[in-house]
Novice: 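Have a look at this one before I ask anything.
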Protein chains: 2
Amino acid sequence: MPQTTPKKKSRIQTRNRHLILDAALDVFSRDGFGGATLDAIARTAGLSKPNLLYYFDGKTEIYVTLLSQLMETWLDPLVELDSNGDPVEELLGYVRRKLDMSMDLPRESRLFAGEIIKGAPQMKPRLESDLKPLFDEKCAAIQVWINEGRLAPVDPAHLLFSIWSTTQHYADFEAQIAVLLEGSAATPRAARHLEQMYRQLLTP
Amino acid sequence: MPQTTPKKKSRIQTRNRHLILDAALDVFSRDGFGGATLDAIARTAGLSKPNLLYYFDGKTEIYVTLLSQLMETWLDPLVELDSNGDPVEELLGYVRRKLDMSMDLPRESRLFAGEIIKGAPQMKPRLESDLKPLFDEKCAAIQVWINEGRLAPVDPAHLLFSIWSTTQHYADFEAQIAVLLEGSAATPRAARHLEQMYRQLLTP
DNA sequence: TCAAATTTTTACCATTTGGTAAAGTCACGA
DNA sequence: TCGTGACTTTACCAAATGGTAAAAATTTGA
């Protein structure tokens, strides 16, 4: 009986698949799906194009595999938002995790952004099946906190949108920020600014 | 003596150039520069590909023309930020203008986002020459307001980043928001949420 | 060690893409 | 109305691109 997720047998399999996915992340996040080429991915990975296609069935499969892996990583900080914790501190912790993620994984952030900008042709099903229920659950939890008077009355959905946009901005618009901030490092001041902003907004 | 900006002579010239630029905005904002094709632009514009190339010298020229026109529109709301006005109201007005712009011109917002995500290969010079001085000027004006005690102490640069990201998010991530919010219209609640957030942050 | 299985390379191919040459069509002023 | 210049179409190309077949090289396991 064939497995739906076939195990990667050899050492060399896993090594090369990782090489390819890392190269593909470079190329897809910079050029988008349409602008990326198999040649560019192969060159970046240090493999030949036919060799690439020995490990993946095609350009689309590489892209989908990347997005699929990314989805888990991307949802993780929100999963960790604990409805039993202190409301303000939980949300500030979430902001912090999202910001760290933007700084540590800018390519992943840009890949995600590019896919959504295009209208999410590949991701839409997973947005509906994975993100939407989690989003609804967390919005409800935030609303409970508000009803209990432990959080200032904010629009839960748009609060989450704000957090996503302000944190991901540092990855997605890095090129613009580099021009405007020149030498100075963005991270510490960004972290301070976001904590100040969301603490004021959320404290009842 | 040839003009640097040759005048568009006939009625049909201007009409077709507009048709092409509008079609190109559709295609480039969805597929990015690399993913866009002249065929797709021509089809969208209702012209033949050679006919396209009668009006523009090539794919790159169309793209650069679009970005160039966009730059003015994009900077405009920030230009209007009046250092003689009331600080909080001026900044809230700016937020409002940026949000309206995202809602009215989502394709332009996505085109801009796509270019920056790629590392701004075409825009970087104009970011340095046009945006950077304006940004520095407005940051300085905000700092003056803070020093005068008319605005809460915030990081001017990161305040502007927040405003850009939270407003543009509604255009750039429209596909995701559509999934999460389903039927309900985002605009009025977004406007309320952003006003609440920035009023609290900025009021001294 | 040596055959079987896995991995890599070489040599291709069909389609798509950005772009051009040149012939044809149209609009307008003399 | 007719010639001239502006516009459009037809018929192409060369390069790039996603992808394949099959031979060659390498690794693996008995």
Side-chain angles (χ1 to χ4, degrees), chain A residues 2-3 5-67 114-115 118 121-122, chain B residues 2-3 5-67 114-115 118 121-122:
Chain A
Q3 295 174 252
T5 306
K7 57 191 166 218
K8 298 149 204 162
K9 292 175 199 158
S10 68
R11 214 74 34 76
I12 196 166
Q13 279 263 355
T14 44
R15 180 175 60 82
N16 278 353
R17 281 182 67 100
H18 274 98
L19 267 178
I20 292 166
L21 288 174
D22 190 70
L25 181 56
D26 260 31
V27 176
F28 280 130
S29 67
R30 178 165 27 83
D31 300 333
F33 179 78
T37 68
L38 287 179
D39 286 290
I41 296 171
R43 208 181 316 121
T44 307
L47 298 173
S48 69
K49 184 169 57 171
N51 204 180
L52 262 201
L53 293 164
Y54 173 75
Y55 291 100
F56 289 92
D57 275 347
K59 185 179 171 182
T60 304
E61 205 210 290
I62 302 177
Y63 184 69
V64 169
T65 303
L66 266 182
L67 283 182
E115 166 69 7
K118 270 217 276 292
Q122 306 289 340
Chain B
Q3 295 175 252
T5 306
K7 60 191 165 216
K8 299 148 206 165
K9 290 174 198 159
S10 68
R11 214 75 34 76
I12 196 165
Q13 278 263 356
T14 44
R15 181 176 59 83
N16 277 354
R17 282 182 67 99
H18 273 99
L19 266 180
I20 292 166
L21 288 173
D22 190 69
L25 182 55
D26 260 30
V27 177
F28 280 129
S29 67
R30 178 164 28 83
D31 301 333
F33 179 77
T37 68
L38 288 180
D39 286 289
I41 297 171
R43 206 180 319 121
T44 308
L47 298 172
S48 68
K49 185 169 58 173
N51 203 180
L52 263 200
L53 293 164
Y54 173 76
Y55 290 101
F56 290 91
D57 274 346
K59 185 179 170 181
T60 303
E61 205 210 289
I62 301 178
Y63 184 69
V64 169
T65 303
L66 267 182
L67 282 182
E115 167 70 8
K118 271 217 276 293
Q122 306 289 340

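Residue numbering restarts at 1 for every chain, and letters A, B, ... go by the order of the sequence lines. A quick note: this is a predicted structure, and the numbers were derived from the prediction, not measured.
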Novice: Quick one: which of C:dG18, D:dT8, D:dG18 gets closest to the side chain of B:Y54?
Specialist: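 Comparing C:dG18, D:dT8, D:dG18 against the side chain of B:Y54, the answer is D:dT8.
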Novice: Ignoring hydrogens and geometry beyond distance, is the side chain of B:K49 in donor-acceptor contact with the base of C:dG18 at under 3.5 Å?
Specialist: yes
Novice: Figure out the CG/C1' separation between B:L19 and D:dT8, and round it to whole Å.
Specialist: 14 Å
Novice: Side chain to side chain contact (heavy atoms under 4.5 Å, CB included) for B:Y55 and B:E61? Distances and angles first, verdict last.
Specialist: CA-CA 10 Å; B:Y55 290 101; B:E61 205 210 289; over 6 Å; no
Novice: If I take atom CD1 in residue A:I62 and atom C1' in nucleotide D:dT17, what distance separates them, rounded to the nearest angstrom?
Specialist: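 That distance rounds to 14 Å.
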Novice: Atom CD1 of B:I41 and atom C1' of C:dG19: how far apart are they, to the nearest Å?
Specialist: 13 Å
Novice: Below the 4.0 Å mark, does D:dT9 have OP1 or OP2 next to a side-chain nitrogen or oxygen of B:S48?
Specialist: yes
Novice: Using atom CG of A:D39 as one end and atom C1' of C:dT17 as the other, report the distance to the nearest whole Å.
Specialist: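 Checked: the CG to C1' distance equals 15 Å.
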Novice: Take the protein atom CG of B:L47 and the nucleotide atom P of D:dT10, then report the distance between them rounded to whole Å.
Specialist: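 Going from B:L47 (CG) to D:dT10 (P), I get 13 Å.
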Novice: Where do B:Y54 and B:L47 land on the side chain to side chain contact (heavy atoms under 4.5 Å, CB included) test, with the steps shown first?
Specialist: CA-CA 11 Å; B:Y54 173 76; B:L47 298 172; over 6 Å; no
Novice: Can you check the A:D31 CG to D:dA16 C1' distance for me, whole Å?
Specialist: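 Roughly 15 Å, once rounded to whole Å.
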Novice: When you get a sec, tell me which of C:dA21, C:dG18, D:dG18 is the closest nucleotide to the side chain of B:P50?
Specialist: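 Ranking C:dA21, C:dG18, D:dG18 by closest atom to the B:P50 side chain puts C:dA21 first.
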Novice: Reckon B:T37 touches a base, only the sugar-phosphate, or nothing at all at heavy-atom distances under 4.0 Å?
Specialist: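 Counting heavy atoms under 4.0 Å across all strands, the contact made by B:T37 is with sugar-phosphate only.
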Novice: Using whole Å, report how far CD of A:Q13 lies from P of C:dT8.
Specialist: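 Between P of C:dT8 and CD of A:Q13: 9 Å.
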Novice: Over 60° means perpendicular and under 30° means parallel, so tell me whether A:F33 and A:Y63 are parallel, tilted or perpendicular.
Specialist: tilted
Novice: Can you name the nearest heavy-atom pair linking B:L21 to B:L66, along with the distance?
Specialist: O-CD2, 3.7 Å
Novice: Please work out if A:A36 contacts a base, only the sugar-phosphate, or nothing of the nucleic acid, heavy-atom cut-off 4.0 Å.
Specialist: sugar-phosphate
Novice: Closest to the A:N16 side chain: C:dT8, C:dT9, C:dT17?
Specialist: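 Among C:dT8, C:dT9, C:dT17, the one nearest the side chain of A:N16 is C:dT8.
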Novice: Using a 4.0 Å heavy-atom cut-off across all strands, classify B:L53 as base, sugar-phosphate, or nothing.
Specialist: base
Novice: Rounded to the nearest Å, what distance is computed from the CG atom of residue A:N51 to the P atom of nucleotide C:dT9?
Specialist: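 Spelled out: CG on A:N51 to P on C:dT9 is 6 Å.
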Novice: Heavy atoms under 4.0 Å, any strand shown: does B:A40 hit a base, just sugar-phosphate, or nothing?
Specialist: nothing
Novice: For B:Y55, answer base if it contacts any base atom (sugar-phosphate contacts may also be present), sugar-phosphate if it contacts only those atoms, and nothing otherwise; contact means non-hydrogen atoms under 4.0 Å.
Specialist: sugar-phosphate
Novice: Donor-acceptor check, side chain of A:Q122 to backbone of A:E115, threshold 3.5 angstrom: yes or no?
Specialist: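 Such a contact is absent between A:Q122 side chain and A:E115 backbone.
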